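Below is one structure; the comments refer to it alone.
Because the structure is a prediction, the values reported are computed rather than measured.
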Amino acid sequence: MSAVPQLSLPSPIGRLTIFEENGAITSLVWGGKSTGKPSRQLLSAKRQLVAYFAGTRKAFSLPLAPEGTDSERRVWALMAKI
C-alpha cells in the first residue's frame, strides 16, 4: 500500500503539509512532512499558498476533495461562500 502523497512547506503560521489523493487536495494540516515525489497538484497548491502568504493571491484554484462527514461538508460549503 502506498502512502498518500503529501508536501510540506514553511509558512508564517508554521509548517504546513498538503495532502493529495486522486488528483485533488484532501487536507491541509499543521506540521507533517513531505513524502515521495510531489504531484503537479501538490506543487500548484504550494505555489498558491506561498503567493497567498506573500499577499499576491486572494483566491485559490485547486480541485478539492476534503474528507469529512456530511455535516462537516455542509459547513465547509457554507464557509466557502463567505
Side-chain angles (χ1 to χ4, degrees):
M1 183 171 157
S2 63
V4 173
Q6 56 196 64
L7 179 63
S8 294
L9 65 143
S11 82
I13 60 171
R15 184 159 211 65
L16 299 174
T17 300
I18 312 159
F19 292 78
E20 178 258 326
E21 202 164 345
N22 298 320
I25 303 303
T26 56
S27 64
L28 176 69
V29 301
W30 274 284
K33 63 180 181 175
S34 298
T35 61
K37 183 179 176 185
S39 68
R40 281 189 274 174
Q41 290 297 358
L42 287 173
L43 292 172
S44 178
K46 179 180 179 178
R47 281 191 299 273
Q48 291 184 44
L49 282 167
V50 167
Y52 173 80
F53 287 123
T56 60
R57 178 179 279 275
K58 294 187 189 282
F60 293 84
S61 60
L62 299 164
L64 303 177
E67 297 175 356
T69 65
D70 289 342
S71 179
E72 288 172 324
R73 289 174 191 257
R74 283 191 298 273
V75 170
W76 297 334
L78 291 170
M79 290 174 62
K81 291 180 181 181
I82 296 174

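- The CG atom of Leu43 lies 9.0 Å from the NZ atom of Lys37; values are rounded to the nearest 0.5 Å.
- Looking at every heavy atom in both residues, Pro63 comes nearest to Gly23 through CG-O, 3.3 Å.
- Of the inter-residue distances, the one linking Ser11 atom OG with Lys46 atom NZ reads 11.5 Å to the nearest 0.5 angstrom.
- Transitive grouping of hydrophobic side chains (ILVMFWY, heavy atoms separated by less than 4.5 Å) keeps Val75 and Leu64 in distinct clusters.
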| task | Apply side-chain contact (heavy atoms from CB on, under 4.5 Å) to Leu16 and Val29, showing your working. | result | CA-CA 6 Å; Leu16 299 174; Val29 301; over 6 Å; no

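- For OH of Tyr52, the number of neighbouring non-hydrogen atoms (other residues, nucleotides, ligands) closer than 6.0 Å is 12 at most.
- Checking side-chain atoms of Thr26 against main-chain N and O of Ala65 turns up no donor-acceptor pair under 3.5 Å.
- Separation of atoms CD1 (Ile13) and CH2 (Trp30) is listed at 5.0 Å; rounding is to 0.5 Å.
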| Verdict with reasoning, Glu67 to Ser27, per side-chain contact (heavy atoms from CB on, under 4.5 Å) | CA-CA 7 Å; Glu67 297 175 356; Ser27 64; over 6 Å; no

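- Contacts classified as side chain to side chain donor-acceptor pair (under 3.5 Å) and involving residues 73-82 (residues at least two apart or in different chains) are not found.
- Going from atom CD1 of Ile18 over to atom CD of Gln6 covers 10.5 Å, rounded to the nearest 0.5 Å.
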| task | Assess whether side-chain contact (heavy atoms from CB on, under 4.5 Å) is satisfied between Thr17 and Leu9, documenting all intermediate values. | result | CA-CA 6 Å; Thr17 300; Leu9 65 143; over 6 Å; no

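- Between atom CG of residue Leu42 and atom CD1 of residue Ile25 there is a gap of 5.0 Å, rounded to the nearest 0.5 Å.
- Atoms CZ and CZ, on Arg47 and Arg40 in that order, are 10.5 Å from each other to the nearest 0.5 Å.
- Side-chain contact of Ser39 with Glu20: a donor-acceptor pair under 3.5 Å is present, judged by distance alone.
- At least one side-chain heavy atom of Ser61 sits under 4.5 Å from a side-chain heavy atom of Gln48.
- Contact annotation: the side chain of Thr35 never approaches that of Leu7 to less than 4.5 Å [non-hydrogen atoms, C-beta and beyond].
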